[in-house]
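Sequence positions, counted from 1, serve as the residue numbers for this chain. Numbering of ligands and ligand atoms starts at 1, following listing order.
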Amino acid sequence: MATTLVGSLADVKQRIASREARVGIVGMGYVGLPLALLFSAERFRVTGFDIAADKVETLNTGGSYIVRILPEAIQEAQKSGFCATSDYSHIAGMDAVIICVPTPLNEYHEPDLSYVTGTIESIAPWIHEGQLIVLESTTYPGTTEEIVVPLLEKGNPHGIKVACAEGSGVHVAFSPEREDPGNDTVARHDIPKVVGGCGPAAVELASALYGSIFRRVVPVSSPAVAEMTKLLENIYRCVNIALVNELKQLCMRMGIDIHEVIDAAKTKPFGFQAFYPGPGLGGHCIPIDPFYLSWKAKEFDFRTRFIELAGEVNTKMPYFVIEQTADALNEHSKAIKGSKILVLGLAYKRDIDDLRESPSLTIIELLREKGAHVYYNDPYFAKVGRGRHYDLNMTNTPLDNLGQYDGVLIVTDHTTYDYEAIVEQSQLVIDTRNATKGIVSPKIVRC
Ligand SMILES: NC(=O)c1ccc[n+]([C@@H]2O[C@H](COP(=O)([O-])OP(=O)(O)OC[C@H]3O[C@@H](n4cnc5c(N)ncnc54)[C@H](O)[C@@H]3O)[C@@H](O)[C@H]2O)c1
């Protein structure tokens, strides 16, 4: 068991400045692990907490389970003292604890905060005065103050309270993770860090901590403002993607190329941001986060109509892809039933190894229901078994002999694919991502 620290605000800030502060990160997933590496690169001693024993073991033996994080990066962090554990008693030795655990929806499409509450219950016995606890998991406004704070206070046997003004107690804040996986155009430390705390001391401490690894910290007046900021950003994306998905369907009927329209519209130097249509939403954020807000809105007798409409349009996109596939096969005098179809790309977006909520999973299930023989190719997934919403049991098919398939369906436009060669070798290509842009061939159906 680690030694318990006690520190005044000034002490902890000093320990952050001198890099003596110990940082604990709970949840070593797509968000928590890269964050741990950022702190390690800045010479902080970081402890990663995770309930998954295999992840803890991989990290402690210098390995990685996320494709874009190389084992060398973990080994480099180990030189600054990085290690992983499932033992929550080590929370006592941390100056700051950052929580990055999942926030999915349950089977009724309602927020599932069980990972957050489970984490708080586990860390509460080990918190100490002067410590900073930050929630980074995306959630509805009110979670930090209504759920995290009471659970921390209730679960602590020493009666430690949350410090709401400068003074004794544990400091609590919310700071959303704003990363865009696979987007290397903005370095993570260049993404401004929004911070809302329970009281000014929490904001000051969280700003000092994040200010040591992010170029800019944006303090806001409360955790609820920070929670809502993240949801606004993701709802904005969700609604705009739904808009272009709907306009794509209209454009197809009108014989207009939506991608040409978007390319022209985005030459406007102000007032327009380009969003692109696709086969449906995926990932752990955009398909899920908006419904955290629509659920919370009901408490205020408020209906979030934009969220519901966007959800409806985006959810129907895989079904639209199936209709288009059926029409394309029909042109070749074939039916979906009995056809051999190769799905290209399973990840929810290009060049990442993340399958969560990917529309490819729904598309494969729908094709199978209609009697197709479905295969897939994705360099990031050797096999696909069962998940929260799917049970596929498939293995990766090599990208050769493409002429054997009645249709090749591009669902994810990984940059490693040679689209010219794919079109050349295939009988029929159904392209849901405009990946074949610039290739002229009667074999291509863009939808
Ligand atoms: N992935 C993204 O791109 C992204 C971007 C912005 C925000 N977010 C948000 O960040 C949060 C985390 O997402 P993620 O993608 O990193 O999830 P993830 O599933 O990749 O990782 C979560 C990790 O938490 C661990 N875990 C679960 N319960 C735990 C517990 N009680 N104690 C310790 N560890 C526990 C899991 O084993 C897993 O390793 C979510 O709220 C998500 O919405 C994710």
Side-chain angles (χ1 to χ4, degrees), residues 24-38 47-59 63-69 84-91 94 97-105 111-126 133-140 143-144 147-148 151-152 155 174-184 186 188 191-194 226-227 229-238 281-293 347-358 387-388:
I25 299 184
V26 186
M28 289 283 93
Y30 289 94
V31 167
L33 184 54
L35 187 64
L37 299 184
L38 267 188
T47 304
F49 294 81
D50 206 293
I51 45 170
D54 54 339
K55 288 188 177 177
V56 168
E57 198 193 326
T58 303
L59 294 175
S64 172
Y65 39 80
I66 295 180
V67 170
R68 68 199 150 94
I69 296 178
T85 182
S86 298
D87 179 357
Y88 280 104
S89 71
H90 292 286
I91 292 288
M94 302 295 131
V97 178
I98 301 175
I99 300 164
C100 310
V101 295
T103 43
L105 294 171
D112 173 3
L113 282 181
S114 59
Y115 297 92
V116 173
T117 54
T119 299
I120 301 298
E121 281 162 1
S122 301
I123 69 172
W126 308 104
I133 311 284
V134 187
L135 179 64
E136 283 212 11
S137 304
T138 309
T139 184
Y140 57 77
T143 307
T144 306
I147 310 267
V148 173
L151 273 182
L152 271 180
F174 181 85
S175 179
E177 167 52 53
R178 306 165 95 189
E179 196 207 8
D180 182 13
N183 179 353
D184 295 328
V186 186
R188 195 156 175 184
I191 304 171
K193 198 80 178 108
V194 173
E227 289 159 339
T229 302
K230 172 72 185 174
L231 291 184
L232 170 62
E233 291 166 6
N234 281 359
I235 291 163
Y236 172 79
R237 280 188 72 75
C238 180
L281 289 183
H284 184 40
C285 298
I286 312 292
I288 291 171
D289 303 347
F291 297 101
Y292 267 67
L293 188 62
Y348 78 85
K349 69 175 183 175
R350 90 160 66 116
D351 299 341
I352 62 165
D353 60 335
D354 194 342
L355 205 55
R356 289 176 292 179
E357 314 294 324
S358 178
R388 272 170 81 88

May I ask you to list the atoms of ligand 1 that are less than 4.0 angstrom from any heavy atom of [X]?
X: Lys230; answer: 6 (C), 7 (C)
X: Pro102; answer: 19 (O), 22 (C), 24 (O), 27 (C)
X: Tyr115; answer: 27 (C), 28 (N)
X: Cys100; answer: 12 (C), 22 (C)

Measure the distance from [atom] to every protein heavy atom, then report the residue, atom name and distance (to 0.1 Å) of the closest one.
atom: atom 24 (O) of ligand 1; value: Gly27 CA, 3.3 Å
atom: atom 11 (C) of ligand 1; value: Val101 O, 3.4 Å
atom: atom 36 (C) of ligand 1; value: Asp50 OD1, 3.5 Å
atom: atom 3 (O) of ligand 1; value: Pro181 CG, 3.0 Å
atom: atom 7 (C) of ligand 1; value: Thr138 OG1, 3.5 Å
atom: atom 13 (O) of ligand 1; value: His284 CD2, 3.6 Å
atom: atom 8 (N) of ligand 1; value: Val31 CG2, 3.6 Å
atom: atom 31 (N) of ligand 1; value: Thr119 OG1, 3.1 Å

Hey, is [X] touching ligand 1 through its side chain, its backbone, both or neither, going by heavy atoms under 4.0 Å?
X: Val26; value: side chain
X: Tyr88; value: side chain
X: Ser137; value: both
X: Cys285; value: side chain
X: Arg178; value: neither

Can you name the residues that form a ring-ring contact (aromatic ring centres under 6.0 Å, His included) with Tyr236, not counting sequence neighbours? Phe275
Can you name the closest pair of heavy atoms from Cys285 and Asn234 and give their distance? CB-ND2, 3.6 Å
Below the 3.5 angstrom mark, is there an N/O of [X], backbone or side chain, next to an N/O of ligand 1?
X: Asp354; result: no
X: Lys55; result: yes
X: Thr103; result: yes
X: Arg356; result: yes
X: Glu136; result: no

Salt bridge Arg68-Asp354, side-chain N to carboxylate O under 4.0 Å: no
If we only count heavy atoms from C-beta on, is the [X] to [Y] side-chain gap below 4.5 Å?
X: Tyr292; Y: Glu227; result: no
X: Cys100; Y: Ile25; result: yes
X: Ile99; Y: Ile123; result: yes
X: Asp180; Y: Val186; result: no
X: Glu177; Y: Thr138; result: no
X: Phe174; Y: Thr229; result: no

Residue list, side chain to side chain donor-acceptor pair (under 3.5 Å) with Asp353, at least two apart or on another chain: none
Can you tell which of Ile51, Ile286, Leu35 gets a heavy atom nearest to atom 28 (N) of ligand 1? Ile51
With a 4.0 Å cut-off on heavy atoms, is Ser122 touching ligand 1? no
Distance check, rounded to the nearest 0.5 Å: Arg178 atom CZ versus Arg188 atom CZ? 12.5 Å
Leu151 and Glu121: CA distance, side-chain angles, deciding distance, side chain to side chain contact (heavy atoms under 4.5 Å, CB included) verdict: CA-CA 7 Å; Leu151 273 182; Glu121 281 162 1; 4.0 Å; yes
With a 3.5 Å cut-off and no angle check, do the side chains of Ser89 and Asp87 form a donor-acceptor pair? yes
What is the ring orientation for Phe49 with Tyr88, classed by angle as parallel under 30°, tilted 30 to 60°, or perpendicular over 60°? parallel
